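Each ligand, and each atom within it, is numbered from 1 in the order the structure gives. Nothing here was measured: the structure is a model prediction, and the numbers come from that model.
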Amino acid sequence: MSALLGLRAFLFAPLPCENYSTRAPASGEIELPGVLTWAPSRVGVAGGGVARWNRRMSGGRGSRVLYVIVCAGAPASGVGELIGAAMGEGWDVCVIATPAAVAFLDVAAIEAQTGWPVFSEYRRPGEAKRQPPADAVVVAPATYNTINKWAAGIVDNYALGSLAEATGLGLPVAVLTSVSDALAANRVFGRSLNELRDAGVRIRRGAEGEAFPWALALEALRG
Ligand SMILES: Cc1cc2nc3c(=O)[nH]c(=O)nc-3n(C[C@H](O)[C@H](O)[C@H](O)COP(=O)(O)O)c2cc1C
C-alpha cells in the first residue's frame with residue numbers, strides 16, 4: 001500500500017517549473033502578465049539547468065532582481081553597460097523591452113549577458129509567469145512616449161504593465177530619460193514627470209548629444 005502511495009506521489013508531483021506559477025504571490029511580488037515563449041534550455045540557465053531556473057523563479061535565489069525596462073531611444077543599443085554595472089553590484093537582471101525597442105537591441109547578446117530571456121510581449125492567458133518578482137526597476141533609456149503613457153496609466157504593452165505594477169506596489173523605480181530638448185519642453189512631459197515623481201519614481205535626465213550617463217540610473221536607485 002505504501003509503495004502504491006509513493007508511486008502516486010511521484011507521478012503527481014509538480015514539475016520544477018510549475019512551482020512558481022501555482023504558488024500564491026508573495027507580498028510585494030509583481031504579477032507579471034507575460035507569455036511563456038521560452039524554455040530553460042534556451043538561454044543561460046544551462047549553468048545550473050532546471051534546478052537553477054526553479055530556484056530563481058521560486059524566490060530561492062541569492063541575489064536581488066532588477067528589471068531593466070528599455071525603450072526605443074537612441075542610446076538603447078548600449079544597455080549592456082547598465083546591465084554589466086548592475087550585475088557588478090549583485091543584481092540579477094531581467095530585461096523587458098518595449099515592442100519598439102526590440103529593433104534597437106542585440107537581444108541574443110543581452111540574453112547571454114543576463115541569463116534571462118528578453119520579453120517585450122504579454123504572455124498568453126493561462127500561461128505561466130516567466131520571470132521572478134522584481135525588487136527594483138530601472139527604465140533606461142526612457143522615451144517621451146513611454147513616460148507620458150506610464151504617467152497617464154496606459155498599459156498597452158508589457159513594459160508599461162510592469163511599470164504600472166511596480167509603481168503601484170511602491171517598488172524602488174529609477175528613470176533615466178532620453179528625450180530631446182524640444183520634446184522635453186512640452187508641458188505634457190513636465191506634467192508626466194511630476195506625476196511620476198509624486199508616485200515616488202526617481203528621475204534623472206540623460207543629456208542629449210553626449211555619452212548616455214548610464215551610471216546615473218543606478219545612482220538614482222541607490223537614492
Ligand atoms: C533612431 C531613433 C532614435 C530615437 N530616439 C529617441 C529618443 O532618444 N527619445 C525618444 O523619446 N524617442 C526617440 N525615438 C522615437 C521613439 O522610438 C518613438 O517615439 C517610439 O514610439 C517610442 O516607443 P516606446 O516608448 O514604446 O519605446 C527615436 C526613434 C528612432 C527611429
So which heavy atom in the protein is nearest atom 5 (N) of ligand 1, and how far is it from that ligand atom?
A74 N, 3.0 Å

If we number the atoms of ligand 1 from 1 as shown, the ones under 4.0 Å from a heavy atom of Y144 are 11 (O)

Checking a contact table here: which protein heavy atom is nearest atom 30 (C) of ligand 1, and how many Å away?
F104 CZ, 3.8 Å

Does the protein place a non-hydrogen atom closer than 4.0 angstrom to atom 10 (C) of ligand 1?
yes

Please evaluate residues R204 and E219 with respect to the criterion salt bridge (charged side-chain N to carboxylate O under 4.0 Å, His left out), reporting the C-alpha separation (whole Å), side-chain torsions for both, the decisive distance (0.1 Å), and the verdict.
CA-CA 9 Å; R204 300 290 183 275; E219 277 178 38; over 6 Å; no

Quiz question: by atom type and distance under 3.5 Å, do the side chains of D135 and Y67 form a donor-acceptor pair?
no

Tell me, yes or no, whether the heavy-atom count around R187 atom CZ, taken from other residues, nucleotides or ligands under 6.0 Å, exceeds 12.
no

Location of contacts on T146 toward ligand 1, heavy atoms closer than 4.0 Å
both

Can a donor-acceptor pair be found, under 3.5 Å and without considering hydrogens, that links the side chain of Q113 to the backbone of G80?
yes

Residues at least two apart in sequence or cross-chain that pass side-chain contact (heavy atoms from CB on, under 4.5 Å) with D198, listed by chain then number, are none

Top protein contact for atom 6 (C) of ligand 1, by heavy-atom distance:
G73 CA, 3.5 Å

Considering only heavy atoms of C71, which atoms of ligand 1 have at least one such atom less than 4.0 Å away?
27 (O)

Give me the residue, atom name and distance of the protein heavy atom closest to atom 12 (N) of ligand 1.
T143 CG2, 3.9 Å

Nearest to atom 8 (O) of ligand 1, what protein heavy atom do you find, and at what distance?
S178 OG, 2.7 Å

In terms of its nearest heavy atom to atom 15 (C) of ligand 1, the top option of A72, A103, S77, A97 is A72

Could you give the distance from CD1 (I147) to CD1 (I203), rounded to the nearest 0.5 Å?
7.0 Å

D92 with R64: basic N within carboxylate O range, under 4.0 Å
no

Just how far is it from atom OG1 of T98 to atom CD1 of I96, taken to the nearest 0.5 Å?
11.0 Å

Out of all atoms in ligand 1, which are within 4.0 Å of some heavy atom of A100? Include the element for each.
23 (O)

How long is the straight-line distance from CD of E89 back to CG of L221, given to the nearest 0.5 Å?
8.5 Å

Could you check which of N145, L160, L183, D156 puts a non-hydrogen atom nearest to atom 26 (O) of ligand 1?
N145

Which of the ligand 1 atoms, numbered from 1, are nearer than 4.0 Å to a heavy atom of T98
24 (P), 26 (O), 27 (O)

